[in-house]
Peer 1: 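Can you keep this structure in mind? I'll have questions shortly.
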There are 2 protein chains.
Amino acid sequence: MSVPPLCEAFVLHFGEMGSRWGINRTVGQIYAVLFIAERPLCADDIVDRLNISRSNVSMGLKELQSWNLLRQRSVPGDRREFFHTPDDIYAIVRTLVDERKKREIDPTLSVLRELLMRSPESESERHAQGRMREMHDLIELLTGWYAEVQKLETERLIQLLSLGSRIVKVLDMKDRLFALPGGKRNAQPEKGT
Amino acid sequence: MSVPPLCEAFVLHFGEMGSRWGINRTVGQIYAVLFIAERPLCADDIVDRLNISRSNVSMGLKELQSWNLLRQRSVPGDRREFFHTPDDIYAIVRTLVDERKKREIDPTLSVLRELLMRSPESESERHAQGRMREMHDLIELLTGWYAEVQKLETERLIQLLSLGSRIVKVLDMKDRLFALPGGKRNAQPEKGT
DNA sequence: CTGAATTTTCAGACATTTCTGAAAATACAA
DNA sequence: TTGTATTTTCAGAAATGTCTGAAAATTCAG
């Protein structure tokens, strides 16, 4: 591998983690190289940096593209394609989570929906269906929340994230505001509880 | 496979999804069987239901235990161990997310921390380190938020999740309360914080 | 202790995934 | 069009992962 030591450590780590992330070593390394590159890279740049075959790079790039993780740029007068990752790391994470949800959660949700439509034909099927419903409802709650949060601008998201569990205090405050004696929606803070 | 049709469909799906979830087919199926079972099962019960070898079940159970996904119960006068999944599906998801974080995120965070301590020895290393810092800071923000939320009781968590993006309205309200004319921190509900 | 019931380990068979080089396809300048 | 640069495809080699049966280990009643 022909990259500076610091970069090499990063790239190797991404390669090793690849398998845990459901992509393979090479794909992880290609992504890492692109992520830290100072400029968009063409396929041969990646071959040089990682010492892997050209065809492997081609397949790896295809894979990353199927995850919507790459942008490409073509230089006038140059026939090659240059690849880079988005600058905005928040956007990257949004994409990543979206894609994982699409591959790892949505199919299950749709199978569960289908199975919940069927009529159980025994006590054990009835029980199983109960468990499936619990799973279904929780996944819906989580993905519904995610869909909502996904709509927020980065600014708002950071605000929310920074709040952490202190969000509970805000929720409490809201509850108190809305739960005053003498009717709802009376914004006098002090009285209630 | 000797389970009712509805259960079979569920189990087969979990098997197929297994590879996307970073576990193998058999382990996915074993989990599925335990998840929908009406009572704790012993290893041989699983062999019967899935038609796989006893040793495979043994390894699969070990794997699931390493994920903290199983509870076991021993019946007096019976030498066998019986396995089951927790009843509380929220607890299951908490465990799942914890374990995935531990395996998929924490190692990266620690590598990033280490790499950010090093001194860059070239312009390209400096740039790479900048990207690593962005990644590091975002992961810290996300995992920090997660750690906070993990502390909430299920009740609170559901409240928060149900709110979805309407949380923003609550945040706005909070901002307005704290940003009234006449100095900061004046419109708080209770005086002493 | 012995011996039966049960679980675990592990070498090798089998299956799947990843990687390569060579060939085919594509894109485009001249 | 031809020729060259570049990308993609794909068959098979290499590597990795999964599964099984047999043997070893463990557990516990008697």
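Just so you know, these numbers use all the heavy atoms, side chains as well, and skip hydrogens, waters and symmetry mates. Treat the numbers as computed from the prediction; the structure is a model and nothing was measured. Every chain is numbered from 1, with letters handed out A, B, ... down the list of sequences.
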Peer 1: If you assign each of Arg80(A) and Asn51(B) to its closest nucleotide in DNA chain D, which residue comes earlier from the 5' end?
Peer 2: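 Nearest nucleotide further toward 5': that of Arg80(A).
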Peer 1: Closer than 4.0 Å, any side-chain N/O of Thr26(B) to the OP1 or OP2 of dT18(D)?
Peer 2: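 For dT18(D), neither OP1 nor OP2 has a side-chain N or O of Thr26(B) closer than 4.0 Å.
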Peer 1: When the distance from CD of Glu63(B) to P of dG17(D) is rounded to whole Å, what number comes out?
Peer 2: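 Rounded to the whole Å, the gap is 12 Å.
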Peer 1: Does a distance-only test, which skips hydrogens and angles, find a donor-acceptor pair under 3.5 Å between the side chain of Arg79(B) and the base of dT6(C)?
Peer 2: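 No.
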Peer 1: Mind checking Asn24(B) for me? I need base, sugar-phosphate or nothing, with any heavy atom below 4.0 Å counting as a touch.
Peer 2: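 Asn24(B): backbone/sugar contact only, no base atoms under 4.0 Å.
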Peer 1: So, are Glu99(A) and Arg20(B) salt-bridged, with charged N and O less than 4.0 Å apart?
Peer 2: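 No, Glu99(A) and Arg20(B) are not salt-bridged.
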Peer 1: Are Leu161(A) and Leu152(A) connected in a single hydrophobic cluster, I mean Ile/Leu/Val/Met/Phe/Trp/Tyr linked by side-chain heavy atoms less than 4.5 Å apart?
Peer 2: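 Yes, Leu152(A) connects to Leu161(A) through the hydrophobic network.
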Peer 1: Any ion pair linking Asp48(A) and Arg54(A) (charged N to carboxylate O, less than 4.0 Å)?
Peer 2: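 Between Asp48(A) and Arg54(A) there is no salt bridge, as every charged N stays at least 4.0 Å from the carboxylate O atoms.
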Peer 1: Whole-Å distance between dT6(D) C1' and Asp78(A) CG?
Peer 2: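 For the pair Asp78(A) CG and dT6(D) C1', the rounded distance is 10 Å.
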Peer 1: In whole Å, what is the span from the CE atom of Met59(B) to the C1' atom of dG17(D)?
Peer 2: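 Atom-to-atom, Met59(B) to dG17(D), this comes out as 11 Å.
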Peer 1: When you measure from the side chain of Glu81(A), which nucleotide among dT7(D), dT8(C), dG21(D) comes out closest?
Peer 2: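 Nearest listed nucleotide: dT7(D).
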Peer 1: Please state whether the phosphate of dT7(C), meaning OP1 or OP2, lies under 4.0 angstrom from any side-chain nitrogen or oxygen of Ser58(B).
Peer 2: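 For dT7(C), OP1/OP2 do not have a side-chain N/O of Ser58(B) under 4.0 Å.
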Peer 1: Once hydrogens and angles are ignored, does a donor-acceptor distance under 3.5 Å link the base of dG21(D) to the side chain of Ser55(B)?
Peer 2: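 Yes.
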Peer 1: Is the closest basic N to carboxylate O distance between Arg80(A) and Asp44(A) below 4.0 Å?
Peer 2: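 Salt bridge: no.
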Peer 1: Mind checking if Arg54(B) touches a base, just sugar-phosphate, or nothing, with heavy atoms under 4.0 Å?
Peer 2: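 Base: the residue Arg54(B), judged by heavy atoms under 4.0 Å, touches a nucleobase.
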Peer 1: For Leu61(B) and dC19(D), what is the distance between atoms CG and P respectively, to the nearest whole Å?
Peer 2: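 The distance from CG of Leu61(B) to P of dC19(D) comes to 13 Å, rounded to the nearest Å.
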Peer 1: Within this structure, what is the CG-to-P distance between Asp45(B) and dT6(C), rounded to whole angstrom?
Peer 2: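 Between P of dT6(C) and CG of Asp45(B): 11 Å.
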Peer 1: Within the 4.0 Å heavy-atom criterion, would you say Ser19(A) contacts the bases, only the backbone, or no part of the nucleic acid?
Peer 2: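 No contact.
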Peer 1: Is the distance between the ring centroids of Trp67(A) and Tyr31(A) under 6.0 Å?
Peer 2: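 Judged by ring-centre distance (under 6.0 Å), Tyr31(A) and Trp67(A) do not meet the cut-off.
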Peer 1: Expressed in angstrom and rounded to an integer, what is the separation of Ile46(A) atom CD1 from dT8(D) atom P?
Peer 2: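 Atom CD1 in Ile46(A) sits about 11 Å away from atom P in dT8(D).
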Peer 1: Using atom CG of Leu41(B) as one end and atom P of dT7(C) as the other, report the distance to the nearest whole Å.
Peer 2: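 Going from CG in Leu41(B) over to P in dT7(C) covers 12 Å.
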Peer 1: Please give, in whole Å, the distance from dT8(D) P to Asn56(A) CG?
Peer 2: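 Distance check: Asn56(A) CG to dT8(D) P gives 13 Å.
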